[in-house]
Amino acid sequence: MNILLSEKCTNYCRYCFAQERMRSSVNNFISIDSFKYILDFLHKSKVDHVNLIGGEPLIHPNIIEILKILNDDYKIKTVSIFSGGILPQPKIFEIAKWLLPEKYNFIFNLNNREGYKNNHYNIIVNNIKCLRSSGLDVTISYNIYKELFNYIEIFEVCNYLGINKIRWSLAYPGIRKDTEYIHPVHYPKVRNRVYQFIMDSYNKGYELTLDCQIPLCFFTKKQMSKILFIYPQFYQRLGKCSPAIDVGTNLEVWRCFALYDDIKANLGDFNNVKEIYKFFKTKTDSHLYTEVPEYCTNCEYWKDRICQGGCLSFNIDLINKSRQRRNEYEKLIDSHRNADLMSIREPLLWWLSDCIEDADALLRILYFILKKGDYDLIEEFYDNNKLRLHRLRNPVILYLIAIAFINKKDKKKALAVISEGLRLSQGSNLRQKFMEFLRLTRNELESFEISPFTFNQVSGI
Ligand code: SF4
Ligand code: SF4
């Protein structure tokens, strides 16, 4: 989770998707009470790492008090501070005194020298040098937002500072798209340079990490296999992203800064980090793959759901379209609670496959259809989406589908789905739930002439 200490910034990166927030914010700095509230929230969530971000987090007027609180907080084991580095050196010296090297590390956002005014570049380099001399771990964060970026200069400064960790990302726009970024259709123009940057980083011995996801088509297949061979950890950042979860100074939460202008909630509405994560997964991520971005039409990675089509900020209109459609379907179901489903079979089928990634919605509709007894509809849905459903790894959903097959007296399909459900529920807290479902329908299974032996074998009871 990322805590915004400050909504003011001393930097002016052209690609920054938080620019608007930094300009318009009235709540400049987080209060100590709010900061403590967030720490309590993290304790309840059993989270022991925190990211301090901004704006520029180090210009918080009570930064020393915040660091003292963190130093005394034994439940928070590690803290990453994301800084732009533009602040007076005496301030950095003062801050450095309170930083325990075993607890804190820094991620400095560094652009090419040409992107800075006055002597800001030198100020940043000297400030990093000061923190390095205090024994602190520093990573350089580098954002690529134009075709001809000068990564050699980044190597030079890392070399000068004795830093061997670089974290890179493609710059993504916010929803307003008023910052500098490279659109996915232009990725082929920049891919060779990025590839060279990665290869040169490896040859020079840099530990390279990737911040946000990159689409699977960014590199050619040949380039990708070479990259994964030398930096296998990039694999986790390919094609898909998850909610980062930022908390603002007023305790608002949003999925990640690129989606700052999209849905927000309040930290007080949740009991723990898991709930926030689930909230954004449902409200946003579950709408992926329902509308295909133009540049992804015919892409195999898209069809297989292994690439989401780039940063979600590029496709927020499609996500909104899906949200709207799902609302309409909800209304449709409400108006058909007491009617038969014949007239809405088509939209229901659409809706089912539309919300496969939204487990709650999917369960709700499956229950609804089961209660109505339209098992053919569930079968049709299953047959059309078998792969995606099995990939969900959600045995409860599979079991509901199995009930439909039991009622249809389709022994083969019922057992196939039950076996898969049991396999998937091994070691998960859904297994018990799944077993309960299984016990509940034991009679149906037995009357269905599955011998107790086979049943016991399958269910493991
Ligand atoms: S889904 Fe879209 S962004 Fe991802 S690899 Fe395919 S074409 Fe590229
Ligand atoms: S939507 Fe995903 S890729 Fe885009 S900024 Fe947020 S986390 Fe990164």
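One-based numbering, in listed order, for ligands and for the atoms of each.
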Within-shell test, G309 vs ligand 1, heavy atom, strictly < 4.0 Å: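 G309: in contact with ligand 1 (<4.0 Å).
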Per-atom contacts of ligand 1 with [X], taking only distances under 4.0 Å to non-hydrogen atoms:
X    : result
Y301 : 5 (S)
C299 : 1 (S), 5 (S), 6 (Fe), 7 (S)
Y295 : 7 (S)

Atom 6 (Fe) of ligand 2 reached by C256 (N, O or S, under 2.8 Å):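 Yes, within the cut-off.
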Among protein heavy atoms, which sits nearest to [atom], and what does the distance come to when rounded to 0.1 Å?
atom                    : answer
atom 2 (Fe) of ligand 1 : C296 SG, 2.3 Å
atom 5 (S) of ligand 1  : C217 N, 3.3 Å
atom 4 (Fe) of ligand 1 : C307 SG, 2.3 Å

Any idea which atoms of ligand 2 are less than 4.0 Å away from a heavy-atom of [X]?
X    : answer
R255 : 1 (S), 2 (Fe), 6 (Fe), 7 (S)
A258 : 5 (S)
C241 : 1 (S), 2 (Fe), 3 (S), 7 (S)
C212 : 3 (S), 5 (S), 7 (S), 8 (Fe)
Q213 : 3 (S)

[X] bridged to [Y] by N-O distance under 4.0 Å:
X    : Y    : value
R237 : D211 : no
E252 : K264 : no
K75  : D48  : no
E420 : R423 : yes
E379 : K413 : yes
E114 : K146 : yes

Residue among Y231, Y151, F219 satisfying ring-ring contact (aromatic ring centres under 6.0 Å, His included) with F197: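 Looking at Y231, Y151, F219, the match for F197 under the ring-ring contact (aromatic ring centres under 6.0 Å, His included) is Y151.
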Among R255, K278, Q308, K240, the one residue meeting side chain to side chain donor-acceptor pair (under 3.5 Å) with D285: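 By the side chain to side chain donor-acceptor pair (under 3.5 Å) criterion, D285 pairs with just one of R255, K278, Q308, K240: R255.
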Stepwise side chain to side chain donor-acceptor pair (under 3.5 Å) test for H287 and D354: CA-CA 8 Å; H287 293 275; D354 205 42; 5.8 Å; no
Per-residue contact class, P215 against ligand 1 - non-hydrogen pairs under 4.0 Å: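 Contact part for P215 vs ligand 1: side chain (C-beta onward).
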Minimum-distance pair of heavy atoms, taken over all atoms of P215 and Y172: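 The answer is CD-OH, 4.2 Å.
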Contact partition for C311 relative to ligand 2, non-hydrogen atoms under 4.0 Å: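 It is both parts that get close, each with some atom under 4.0 Å.
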